[in-house]
2 protein chains.
Amino acid sequence: MAAEYTLSTDRHSRLNEQESFKSLYIVRSGSFKTTISASNGREQVTGFYFPGEFIGLDAIHHQSYRSTAKSLESSTVCELPYKMLQEIGKEMPQLQIQLLTRLSKELSNDKSLMLLLGKKTSDEKLATYLLSLSKRFKDRGFSATDFQLSMSRGDIANHLGLAVETVSRILSRFQENGLITIAGKVISLKQVKNLEDLCG
Amino acid sequence: MAAEYTLSTDRHSRLNEQESFKSLYIVRSGSFKTTISASNGREQVTGFYFPGEFIGLDAIHHQSYRSTAKSLESSTVCELPYKMLQEIGKEMPQLQIQLLTRLSKELSNDKSLMLLLGKKTSDEKLATYLLSLSKRFKDRGFSATDFQLSMSRGDIANHLGLAVETVSRILSRFQENGLITIAGKVISLKQVKNLEDLCG
DNA sequence: TAATCACCATGATCTAGATCATGTTCATGC
DNA sequence: GCATGAACATGATCTAGATCATGGTGATTA
């Protein structure tokens with residue numbers, strides 16, 4: 001449905017920015033990160049997006065994009081002009097409900113992320129993060145234990161409110177302790193149960 | 001509209017919990033905080049809600065409440081059964097769009113909160129928090145500079161990922177520096193410009 | 001009017017994780 | 001093949017803010 005609009009992006013290309021809101025995007029292939037920036041230039045990675053997920057839901061309200069999406073590898077998206085969605089939605093309440101549900105899901109995830117950012121230690125943050133990625137891949141029909149980290153250590157660190165060095169160190173330690181194996185971007189979860197215990 | 005369902009709550013009474021999702025709520029008077037808890041018991045205050053704001057939007061997706069809402073003073077809400085909203089929504093697409101917009105707004109606020117939790121110093125957190133409260137009161141037609149903190153220092157601290165002591169100290173210091181005056185729950189912003197500069 | 005309890009303020013100390021410093025690995029281009 | 005630069009790893013040091021400790025204040029109940 002509505003797949004007539006597509007947009008392909010190279011590695012590290014930007015999808016949208018400060019401009020006025022016209023469309024939502026669904027990731028078709030690849031992956032993206034979204035960031036917002038404070039007035040002093042500091043940036044926060046607010047989320048990672050994989051195929052099937054919506055980008056831009058937080059812009060509906062302001063009618064302008066508050067976040068910037070960047071592709072983490074070469075990726076494609078499907079553009080959904082919001083006006084069109086509204087038109088279709090009038091005849092298909094089911095579509096509106098679907099949109100509502102997606103928004104609600106992202107909201108709920110973000111609340112969990114607040115718990116992560118506010119209350120967890122760095123070990124807990126990493127363990128929780130790895131398991132959340134695992135779940136997302138599993139839901140998508142991929143391996144829950146072996147996957148690629150398309151984002152850099154820096155992106156992970158930023159997203160979790162940590163320093164890059166901390167992420168490096170903890171991943172190394174997790175590997176020493178046999179919880180995972182990791183080589184560059186390729187990671188394999190070896191002791192899911194123990195990782196779960198680490199989440200708190 | 002749909003105001004036939006109301007529910008009044010005493011100070012510190014709970015609105016909902018772990019139960020299955022049936023309704024959204026609009027705050028009619030007073031204020032609420034919502035929390036989620038980690039398996040180890042740690043709690044995170046995920047938001048504060050004032051009159052006109054929706055509680056429960058993050059439950060639509062899971063069809064069960066993930067967060068608990070507690071009133072911070074004696075408060076009333078208006079219950080909106082979700083089934084009913086869906087029915088009405090079929091004839092009134094405008095209602096669905098309104099809901100979508102509210103959800104999008106909360107999502108966008110939560111992204112900003114991530115920036116707050118992940119990247120800001122304790123001073124920046126407090127200043128940002130006070131100004132965000134200020135804006136919400138102003139939008140509601142109340143004073144942007146003189147208002148009551150219905151939540152405790154502990155709630156603020158938890159919400160911002162700080163220790164209570166830190167919040168106390170910073171509020172005291174803000175007062176020493178003439179940025180605010182504060183006595184118990186009554187606060188007055190004296191140098192809004194300087195507070196804005198502090199936000200980063 | 002005293003007792004109890006939640007909330008708040010503030011000083012002293014401690015520590016998780018940031019920052020700094022240095023080296024390595026790996027990809028891309030010439 | 002070698003140069004350049006980004007991303008990653010890891011040790012040494014430092015610090016913002018947590019934690020610990022103590023006392024005050026104000027509301028509620030007996």
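Keep in mind the model is a prediction, meaning the values are calculated, not measured.
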Determine whether the aromatic ring centres of residues Phe147(B) and Phe142(B) are separated by less than 6.0 angstrom.
no
Mind checking whether Phe137(B) and Phe50(B) have parallel, tilted or perpendicular rings, split at 30° and 60°?
tilted
Indicate the atoms forming the closest heavy-atom contact of Glu43(A) with Leu115(B), along with that distance.
C-CD1, 4.4 Å
Over all heavy atoms of both residues, which pair between Glu124(B) and Leu116(B) is shortest? Give the atoms and the distance, please.
O-CD1, 4.4 Å
Which parts of nucleotides 9-14 of chain D does protein reach within less than 4.0 Å, heavy atoms only, written one letter per nucleotide 5' to 3' as B for base, S for sugar-phosphate only and - for none?
BBBB--
Side-chain contact test, heavy atoms from C-beta onward, threshold under 4.5 Å: evaluate it for Ile156(B) versus Val45(B) and give yes or no.
no
So, are Asp58(A) and Lys111(B) salt-bridged, with charged N and O less than 4.0 Å apart?
no
Position toward the 5' end of DNA chain C (nearest nucleotide), Met151(B) or Gly161(A):
Met151(B)
Within this structure, what is the CG-CG distance for the pair Leu99(B) and Leu80(B), rounded to the nearest 0.5 Å?
8.0 Å
Enter the distance from Asn177(A):CG to Ser172(A):OG here, rounded to the nearest 0.5 Å.
10.5 Å
Which parts of residues 117-128 of chain A get close to DNA chain C, meaning a heavy atom less than 4.0 angstrom away?
Thr121(A), Ser122(A)
Measure the distance from [atom1] on [X] to [atom2] on [N] and round it to the nearest whole Å.
X	N	atom1	atom2	answer
Leu149(A)	dA7(D)	CG	P	15 Å
Arg173(B)	dA9(C)	CZ	P	14 Å
Ile156(B)	dA9(C)	CD1	C1'	14 Å
Ile187(A)	dC8(D)	CD1	P	12 Å
Leu116(A)	dG17(C)	CG	P	12 Å

Short side-chain N/O contact from Lys185(B) to OP1 or OP2 of dC8(C), under 4.0 Å
yes
Bend angle of the helix from dT1(C)-dA30(D) to dC30(C)-dG1(D) from five-pair axes at both ends, rounded to 10°?
40°
Check whether Thr145(A) reaches the backbone of Ser188(A) with its side chain - one donor and one acceptor, N or O, closer than 3.5 Å.
no
